[in-house]
Amino acid sequence: MSVINIALSKGRIYEETLPLFAAAGIEPQDDPSTSRKLILPSNRPDVQFLIVRASDVPTYVQHGGAQIGVVGKDVLMEHGGEGLVEPLDLHIAKCRLMVAGYPDTQLDGQQRLRVATKYVNCTREHFAKHARQVEIIKLYGSMELAPLVSLCDLIVDVVDSGATLAANGLVPLEHIADISSRIVVNRAALKTNNQPISELLQKLEIAVKEKQSA
Ligand code: ATP
Ligand code: PRP
């Protein structure tokens, strides 16, 4: 029996994904918010969950450490998607990838703006598309802090309610992409282990549709 490893991150993705997997008949047998275990068995002997950092999910799936992953579209865009197929939008963890900064920032001025972000590739692509020269500063989190201490002129980050921006005197300035979490599958695994993976995807797709029509 080959085991299907499903990679996902703790926190909002885990919490929002769980009811969908439950509706598809798969339930983890441990709780990552209390357990230190990184492999969680499920009620099915052929399925287990791997708890990884959100930004590492595509890498685990690309290199076959997991056959399936649950990942934000932001992380997926940043990774590039090599070796992955993206068969299903779960419509959870919805937010927007945005350029943000102080309200009076001139995006199209002469000056070369400094942009702080953990989404270096998406940022490069976005500003290149608009033919704007920028200097990109790589951060790993708390992007909203960077303009406040003059580390940068702009940030690129995900925005949901806008509360974090507002609390720091910043505003969204430009939309880059609508974001939700996606199922990704290792391209090779889909060929070699097609039947159990396809069955699982079908069940998840039904669960997503049922949730949306509820
Ligand atoms: P890492 O630990 O790798 O830095 P992270 O801290 O960004 O990842 P989470 O905060 O759990 O991980 O976010 C996971 C995903 O949820 C993001 O990739 C994004 O798609 C989505 N997301 C992030 N922030 C929000 C938000 N405020 N509202 C809704 N969805 C969000
Ligand atoms: C995310 C993101 C923003 C915030 C946006 O942070 O990095 O800071 O959410 O949401 P809002 O528009 O509703 O305020 P998160 O809460 O995941 O914290 P972390 O990335 O620092 O863990």
Side-chain angles (χ1 to χ4, degrees), residues 6-21 28 31-36 38 40 49-63 65-66 68-82 84 86-103 115-123 125-126 136-149 151-185 204 208 211-212:
I6 303 173
L8 77 185
S9 52
K10 284 203 254 196
R12 71 169 50 87
I13 287 197
Y14 182 83
E15 277 146 31
E16 294 194 39
T17 304
L18 218 54
L20 295 173
F21 277 106
D31 178 356
S33 65
T34 50
S35 168
R36 298 292 297 166
L38 298 174
L40 309 184
F49 293 93
L50 310 186
I51 303 300
V52 307
R53 188 89 191 251
S55 47
D56 288 335
V57 168
T59 309
Y60 271 87
V61 179
Q62 175 187 1
H63 296 287
I68 295 178
V70 181
V71 61
K73 182 72 179 175
D74 49 332
V75 172
L76 198 51
M77 285 163 47
E78 184 63 17
H79 170 270
E82 195 190 335
L84 305 175
E86 186 198 319
L88 187 59
D89 184 346
L90 296 178
H91 297 281
I92 58 165
K94 287 188 180 177
C95 50
R96 287 149 287 138
L97 188 63
M98 306 278 307
V99 180
Y102 287 115
V115 189
T117 187
K118 68 177 177 185
Y119 303 101
V120 168
N121 297 327
C122 295
T123 299
E125 201 179 305
H126 175 76
I136 299 174
I137 300 166
K138 166 84 185 183
L139 291 177
Y140 292 87
S142 300
M143 265 79 81
E144 294 86 354
L145 172 64
L148 311 190
V149 293
L151 187 76
C152 63
D153 307 293
L154 296 169
I155 62 169
V156 168
D157 193 11
V158 291
V159 179
D160 177 22
S161 64
T164 311
L165 288 179
N168 293 290
L170 305 173
V171 292
L173 294 169
E174 208 163 64
H175 178 269
I176 300 179
D178 286 329
I179 303 297
S180 55
S181 294
R182 312 299 165 100
I183 290 284
V184 288
V185 182
L204 280 174
V208 171
K211 185 181 163 204
Q212 286 197 293

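Numbers here simply count residues along the sequence, with the first being 1. As the structure lists them, so they are numbered: ligands from 1, and atoms in each ligand from 1.
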Neighbour count >12 (heavy atoms, 6.0 Å) for atom OH, Y119 = yes

message = Tell me whether E78 contacts the main-chain N or O of N121 through its side chain, where contact means a donor paired with an acceptor under 3.5 Å.
response = yes

ask   = What are the two closest heavy atoms between L204 and L20, and how far apart are they?
value = CD2-O, 3.8 Å

request  = For V158, counting its heavy atoms only, list the atoms of ligand 1 lying under 4.0 Å from any of them.
outcome  = 23 (C), 24 (N)

request  = Start with the C-alpha gap between V171 and Y102, add the side-chain angles, then the distance that decides, and say whether side-chain contact (heavy atoms from CB on, under 4.5 Å) holds.
outcome  = CA-CA 6 Å; V171 292; Y102 287 115; over 6 Å; no

key: Element-labelled atoms of ligand 1 that are located less than 4.0 Å from some non-hydrogen atom of V75   = 18 (O)

message = Starting from atom 15 (C) of ligand 1, what is the nearest protein heavy atom, named by residue and atom, and what distance separates them?
response = I13 CD1, 3.8 Å

query = Counting heavy atoms only, which of R12, E78, M77 is nearest atom 13 (O) of ligand 1?
reply = R12

message = Taking 4.0 angstrom as the limit and counting only heavy atoms of I179, give me the atoms of ligand 1 inside it, by number and element.
response = 20 (O)

query = Taking the non-hydrogen atoms of G11, is any one of them nearer than 4.0 angstrom to ligand 1?
reply = no

query = Is it true that F49 and F21 have ring centroids separated by less than 6.0 Å?
reply = yes

ask   = Which protein residues have a heavy atom under 4.0 Å from ligand 2?
value = R12, E144, D157, V158, V159, D160, S161, G162, A163, T164

key: Nearest atoms (heavy-atom pairs only) where V71 meets A54   = CG2-O, 4.2 Å

Shortest non-hydrogen contact from V185 toward V61 = C-CG1, 3.7 Å

inquiry  = Apply side-chain contact (heavy atoms from CB on, under 4.5 Å) to residues L154 and T117 and explain how you reach the verdict.
reply    = CA-CA 9 Å; L154 296 169; T117 187; over 6 Å; no

message = Distance under 4.0 Å to a non-hydrogen atom of D160: what atoms of ligand 1 satisfy this?
response = 26 (C), 27 (N), 28 (N)

key: For atom 2 (O) of ligand 1, the protein heavy atom that lies nearest, with its residue and separation   = R53 NE, 2.6 Å

request  = Provide the closest heavy-atom pair for L139 versus A116 in the form atom of the first, atom of the second, distance.
outcome  = CD1-CB, 3.7 Å

request  = Please write down residue, atom name and distance for the protein heavy atom closest to atom 7 (O) of ligand 1.
outcome  = K118 NZ, 2.8 Å

task = For a side chain to side chain contact (heavy atoms under 4.5 Å, CB included) with D157, tell me which candidate from M143, M98, R96 qualifies.
result = M143

remark   = Quick note on ligand 1: atoms under 4.0 Å from a heavy atom of A54 include exactly 3 (O), 8 (O), 12 (O)

remark   = Of all protein heavy atoms, the one nearest atom 30 (N) of ligand 1 is A93 O, 3.4 Å

task = Show which atoms of ligand 1 fall inside a sub-4.0 Å distance from at least one heavy-atom site of S55.
result = 3 (O)

remark   = Rounding to 0.5 Å, atoms CG (L76) and CG (L84) come to a distance of 6.5 Å

inquiry  = Show me which atoms of ligand 1 lie under 4.0 Å from any heavy atom of D74.
reply    = 17 (C), 18 (O), 19 (C), 20 (O)

message = For the CD atom on Q212, are there more than 12 heavy atoms of other groups (residues, nucleotides or ligands in this structure) within a distance under 6.0 Å?
response = yes

